Amino acid sequence: MSACADILNRWIDATPWMPRIHDHADVERYYVETVFPERTVIVAERDNRVAGFMALSGDHFVTALYIDTPNRGTGVGSDLIETAKALSPQELNLWTFEANDRAQRFYENQGFSAFRRTDGDNEESLPDILYHWRGAEGRR
């Protein structure tokens with residue numbers, strides 16, 4: 001659990017536009033008390049280390065997808081999204097920040113489409129985008 005929180009904390013610390021809302025310990029506590037008990041968490045390992053992780057809620061939302069820096073661009077994220085699609089074959093939804101161009105390109109390459117935008121209706125007060133993927137059964 002702490003490895004997942006560590007990946008997220010490192011991402012926040014390395015991302016200039018991302019405000020630090022919660023300190024490192026609060027992020028870890030949130031993962032221990034909320035994310036792991038309430039969501040399906042898939043952890044990807046490479047060389048016996050946590051390379052990335054994804055959290056899925058019961059309502060078809062990817063609520064977290066973070067890849068540790070050395071593993072970005074190596075297929076870990078794609079593998080996690082394919083797992084999410086297998087677990088929720090009808091549809092998936094997720095939010096990403098408008099400033100996160102890399103994530104937007106990644107999700108669009110994975111077949112997601114931008115569905116809605118906000119001006120920062122989130123804890124970070126940052127504009128974000130709701131992405132939607134409709135599985136093969138839902139396509140016309």
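Heavy atoms only: backbone and side chains are in, while hydrogens, waters and symmetry mates are out. Remember, predicted model here, so these are calculated numbers, not experimental data.
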**Request:** With rounding to the nearest 0.5 Å, note down the distance linking CZ in R39 to OG1 in T34.
**Result:** 7.0 Å
**L126 side chain reached by M18 side chain, heavy atoms, under 4.5 Å** = yes
**Item:** D119 atom CG: more than 12 heavy-atom contacts under 6.0 Å
**Value:** no
**Request:** Compare every heavy atom of A103 with every heavy atom of T96, then report the nearest pair and how far apart it is.
**Result:** OG1-CB, 3.4 Å
**Request:** Following the transitive rule for hydrophobic clusters with a side-chain heavy-atom cut-off under 4.5 Å over Ile, Leu, Val, Met, Phe, Trp and Tyr, establish whether I21 and L8 coincide in one cluster.
**Result:** no
**Prompt:** Can you tell me if R10 uses its side chain to pair, donor with acceptor, with the backbone of I12 under 3.5 Å?
**Reply:** no
**Prompt:** If you measure from CG on D6 to NE2 on H24, what distance do you get to the nearest 0.5 Å?
**Reply:** 9.0 Å
**Asked** Do L65 and Y107 come close enough that some side-chain heavy atom pair is under 4.5 Å?
**Response** yes
**Message:** Strictly distance-based, threshold 3.5 Å: is any side-chain N or O of D23 a donor or acceptor partner for the main-chain N or O of A25?
**Reply:** yes
**Message:** Tell me whether F36 shares a hydrophobic cluster with V50, the cluster being built from Ile, Leu, Val, Met, Phe, Trp, Tyr side chains joined at under 4.5 Å.
**Reply:** yes
**Message:** I'd like to know if D79 pairs up with R46 as an ion pair, taking the criterion as any Lys NZ or Arg NE/NH1/NH2 lying under 4.0 Å from an Asp or Glu carboxylate oxygen.
**Reply:** yes
**Prompt:** With the 4.5 Å side-chain cut-off for hydrophobic clustering, are L87 and L92 part of the same group?
**Reply:** yes
**Request:** Mind checking the NE2-NE2 spacing from H132 to H60? Nearest 0.5 Å is all I need.
**Result:** 10.0 Å
**Distance (rounded to the nearest 0.5 Å) between C4 SG and I42 CD1** = 10.5 Å
**Request:** State plainly whether one hydrophobic cluster holds both V41 and V27, where clusters connect Ile, Leu, Val, Met, Phe, Trp and Tyr through side-chain heavy atoms under 4.5 angstrom apart.
**Result:** yes
**Request:** Please list all pairs passing the salt bridge (Lys or Arg N to Asp or Glu O under 4.0 Å) test where one or both residues lie in residues 89-115, with sequence neighbours left out.
**Result:** E98-R117
**Asked** Does R72 reach the main-chain N or O of G77 with its side chain, forming a donor-acceptor pair under 3.5 Å?
**Response** no
**Request:** Quick one: pull up OG1 in T63 and CG in L56 and give me the separation to the nearest 0.5 Å.
**Result:** 7.0 Å
**Asked** Do you know which two heavy atoms are closest between Y31 and P37, and how far apart they sit?
**Response** O-CD, 4.0 Å
**Request:** Could you tell me the separation between the CG atom of N93 and the CG atom of D59, rounded to the nearest 0.5 Å?
**Result:** 8.0 Å
**Item:** Heavy-atom side-chain contact between S88 and V62 under 4.5 Å
**Value:** no
**Asked** Where do L80 and G52 come nearest, in terms of heavy atoms and distance?
**Response** CD1-C, 4.1 Å
**Message:** Determine whether a donor-acceptor pair (N or O, by modelled atom type, separation under 3.5 Å) exists between the side chain of N71 and the backbone of I67.
**Reply:** no
**Item:** Contacts of Y66 that satisfy ring pair (Phe, Tyr, Trp, His ring centres under 6.0 Å) - sequence neighbours left out
**Value:** W11, F53
**Prompt:** Any donor and acceptor pair, going by atom type alone, linking the side chain of K85 with main-chain N or O of W133 inside 3.5 Å?
**Reply:** no
**Prompt:** Is F112 linked to F115 within one hydrophobic cluster, defined over Ile, Leu, Val, Met, Phe, Trp and Tyr using a side-chain heavy-atom separation of less than 4.5 Å?
**Reply:** no
